[in-house]
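Naming convention: chains lettered A, B, ... in sequence-line order (proteins, then strands); numbering from 1 in each chain.
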Amino acid sequence: MRPLTWFAVGIYAFLHVPLLILCAFSFNSSRFTIWEEFSLEWYRQMFTDAQLGEAALNSLLIAAASTVLATVIGTLCSYGLWKKQAKWLSGSLYLSLVTPEIISGISLLAFFQWAFRHWQFQLGMHTVILAHVAFSISYVVLVVMARLRTAEPALEEAALDLGANEWQAFWLVTLPMLRPGIMAAALLAFTVSFDDYVITSLVAGVDSETLPMVLYAMARRGANPVVSAISALIFVGFGALILISERLQKT
Amino acid sequence: MKHLRAMFLAPSVFFTVVLFLIPLTIIVSYSLRTRGVYGGVVDPWTIENYARLFDPLYGMIMVRSVFMSLAATALCLLAGFPTALFIVRNEKHKSLLLNLIMLPFWTSFLVRTYAWMFLLRDTGLINSALIAMGIIKEPLPLLYNETAVIVGLVYGYLPFAVLPIFSNLERLDKALLEAAADLGAKPWETMFHVVLPLCAPGLRAAGVLVFIPCLGAYLTPDLLGGGKSIMIGNLIQNQFTTARDWPFGSAISLALMAGVMVLLIVLIRRDGEEAL
């Protein structure tokens, strides 16, 4: 089957070469896409740019906060759904997963604007975090549920028979078994939050510009090697997080 | 157990209701109202916004979005099936090969889209290389057209096609292939008369899983398509920002949402919930 192998090589090249080229050119001394010589100039500019630094910090804060909240809420939810099905809840969570991002974004925007009329608050970090928690919960439930499906309900029953109460059965028996799945879910939630542009840009306020928002603005403005440098860094960072997450899901 | 379970479900119920179901309800109600003079949402109630969906100006954008998504989906299936077949036949490196398909997918979507802008723009790598080699004098207009958007969509959602086809192929009964060969079928005959028909559920799932995000795409047409190749997602965004016509934007959103749900329901009715 030689032709099949060649075809597959082509597909793998299609998937990987654009990103590898982008990373390679982030080390190019020239501003233009002609290779000159190795340079770390764009990385130096990236790390000394105040606006980028602030945006990256915002992104990290938002991702950290929404990851913690979504992981706790999502894990509890998965456990509840594992004990007893709740069709409308799992259906809604699934629906939010397939809803186009632009629709989640504008409906959250409409909701926040509507809420502002009744309570005094404005778009900002808190609305971004709430939005991120909202879409991350489904991802967490998806991953933790996969883990729970392989769990053994008899273990909890044994604990209950031996005199544990329900809380102890959850905390001491089931939760420890779920730990790798929960870690994997948290890493996934973190990357999804850190990467989001569409929803974030709609519900962000003046004080909550995130890294993807700055990246988007720079990419639109035109060729800029600093964008390549940031991209390379995100590519490597995300790759590492996901590899860890994969490892955890397998153990 | 009842109390503990209720406590465990409470926060997710709260978030789902407040930040998903109520916002959607607001969109439904806006879609039936009128745009105010300064862009707000006012009474009276009307179905005017839904009638406007058939206005050729907007209808064109929707029809084009469907065709572009269909093209991207077809390409994903054409590329995804042989790739999945290749992975299934490589028993030894199966998980590595699958991870390599997924790796770019887990990279930032913005970064992946930017990678194509980097390749395709007038001063991008392809044009620079072709000019440097003396093949062309003026840069080719590679970026900001429908082809660029379709390439971006295929690049973005190809993993969604490979995975379901792969798991379908893996479940295939090898004995059937041997039987076909024993009965004198040539490899291509086995492929078309045995493997492909048995793979239909995987191909259907792959098609739906690629088509849905393509139809709702926003970032890809925005960055790779320029002003002339906008899709439904950009139209919605535009109504909520520059055009300030929230009622009409809401109506488009619900039409898109309805399309997505119909597709999913048809697939689940046909192949069961495990299909996805």
Side-chain angles (χ1 to χ4, degrees), chain A residues 1 4-5 7-8 11-12 14-16 18-19 21-22 32-34 73-74 76-77 79-80 83-84 86 89 92-93 96 98-103 106-111 114 130-131 133-134 137 166-167 170 191 195 197-198 212 215-216 219-220 223 227-228 231 234-235 238-239 242 246, chain B residues 1 4-5 8-9 11-13 15-16 19-24 26-27 30 79 82-83 85-86 89 99-101 103-104 106-112 114-119 121 123-125 128 132 155 158 212-213 215-216 218-219 223 233 236-237 240 246 249-250 253 256-257 260 264:
Chain A
M1 289 308 274
L4 187 63
T5 311
F7 186 87
I11 294 296
Y12 279 97
F14 170 69
L15 284 175
H16 292 274
L19 285 168
I21 290 178
L22 188 66
F32 304 102
T33 27
I34 301 287
I73 297 171
L76 294 178
C77 175
Y79 184 76
K83 285 281 163 186
K84 193 161 160 274
L89 180 60
S92 304
L93 287 171
S96 84
V98 295
T99 302
E101 269 196 299
I102 187 78
I103 297 184
I106 55 107
S107 59
L108 280 166
L109 173 65
F111 170 72
W114 173 79
L130 283 175
V133 174
I137 291 177
E166 279 151 9
W167 172 254
F170 165 72
T191 53
D195 181 39
Y197 167 76
V198 180
L215 212 57
Y216 173 88
R220 286 222 85 164
V227 182
S228 306
S231 300
I234 294 180
F235 179 50
F238 270 35
I242 290 304
E246 287 266 307
Chain B
M1 182 56 219
L4 195 63
R5 179 170 177 271
F8 277 15
L9 289 183
S12 47
V13 169
F15 267 85
T16 309
L19 292 173
F20 182 63
L21 298 178
I22 291 181
L24 272 187
I26 292 177
I27 292 298
Y30 282 3
T83 310
L85 197 63
F86 171 77
R89 290 190 180 166
N99 279 334
L100 280 175
I101 290 284
L103 187 64
W106 289 123
T107 306
S108 157
F109 198 86
L110 201 56
V111 167
R112 285 190 296 157
Y114 180 73
W116 281 97
M117 295 178 79
F118 179 81
L119 289 178
R121 69 167 116 229
T123 55
L125 187 68
S128 301
Y155 187 69
L158 184 58
I212 287 177
L215 197 61
Y218 167 73
L219 212 48
L223 287 175
I236 295 173
Q237 193 261 1
F240 273 84
W246 287 28
S250 303
S253 303
L256 171 57
M257 197 75 191
V260 167
L264 282 173

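Using a 4.5 Å cut-off between heavy atoms, B:Phe20 contacts chain A through its side chain alone, with no backbone atom that close. Only the side chain of B:Ile212 comes within less than 4.5 Å of a heavy atom of chain A; its backbone N, CA, C and O stay farther away. Only the side chain of B:Phe15 comes within contact range of chain A, judged by heavy atoms closer than 4.5 Å. Contacts between B:Ile27 and chain A at a heavy-atom distance below 4.5 Å involve the side chain alone, from C-beta outward. At a 4.5 Å heavy-atom cutoff, the contact between B:Met117 and chain A is made by side-chain atoms alone. For chain B, the nearby parts of A:Leu19 are the backbone and the side chain; heavy atoms of each come within less than 4.5 Å. Contact of B:Tyr155 with chain A is made through backbone and side chain together, with heavy-atom distances under 4.5 Å.
Heavy-atom pairs under 4.5 Å with chain A peak, among B:Ile101, B:Leu215, B:Leu21, B:Ile22, at B:Ile101. Contacts with chain B were tallied for A:Phe238, A:Tyr12, A:Trp167; A:Tyr12 has the most, counting heavy-atom pairs under 4.5 Å. Contact tally against chain B (heavy-atom pairs below 4.5 Å) for A:Leu108, A:Leu93, A:Leu109: the top residue is A:Leu108. Among the candidates B:Pro23, B:Ser250, B:Ala115, B:Pro11, the residue making the largest number of heavy-atom pairs closer than 4.5 Å to chain A is B:Pro23. Of the listed residues (A:Thr191, A:Val227, A:Ile234, A:Val98), the one with the most heavy-atom contacts under 4.5 Å to chain B is A:Val227. Between chain A and the residues B:Ala79, B:Gly216, B:Ser108, B:Ser128, the most heavy-atom pairs under 4.5 angstrom are made by B:Ser108. Residue with the most contacts toward chain B among A:Tyr216, A:Phe235, A:Tyr197: A:Tyr216 (heavy-atom pairs, distance under 4.5 Å). Note: A:Leu15 leads A:Ile73, A:Ile11, A:Leu15 in heavy-atom pairs under 4.5 Å with chain B. Chosen from B:Gly233, B:Pro82, B:Ala132, the residue pairing most often with chain A at heavy-atom distances under 4.5 Å is B:Pro82.
What you find for A:Val198 and A:Glu101 is that their closest heavy atoms are CG2-OE1, 3.8 Å. Here the shortest heavy-atom pairing between A:Ala110 and B:Trp246 reads CA-CZ3, 3.8 Å. Here the closest non-hydrogen pair linking A:Phe7 and B:Thr83 is CE2-OG1, 4.1 Å.
Here the straight-line distance linking atom CG of A:Leu22 with atom CZ of B:Arg112 works out to 13.0 Å at 0.5 Å rounding. Atom CD1 in A:Ile103 sits 9.5 Å away from atom CZ in B:Phe240 (nearest 0.5 Å). Put simply, NZ on A:Lys83 and CG on B:Leu9 are 12.0 Å apart, with the number rounded to the nearest 0.5 Å.
Residues meeting the side chain to side chain contact (heavy atoms under 4.5 Å, CB included) test with A:Ala86, sequence neighbours left out: A:Leu81, A:Leu89, B:Arg5. When the side chain to side chain contact (heavy atoms under 4.5 Å, CB included) test is applied to A:Ile21, the partners found at least two apart in sequence or on another chain are A:Val17, A:Phe25, B:Phe118, B:Leu119, B:Leu125.
No donor-acceptor pair under 3.5 Å is formed between the side chain of B:Ser12 and the backbone N or O of A:Gly74.
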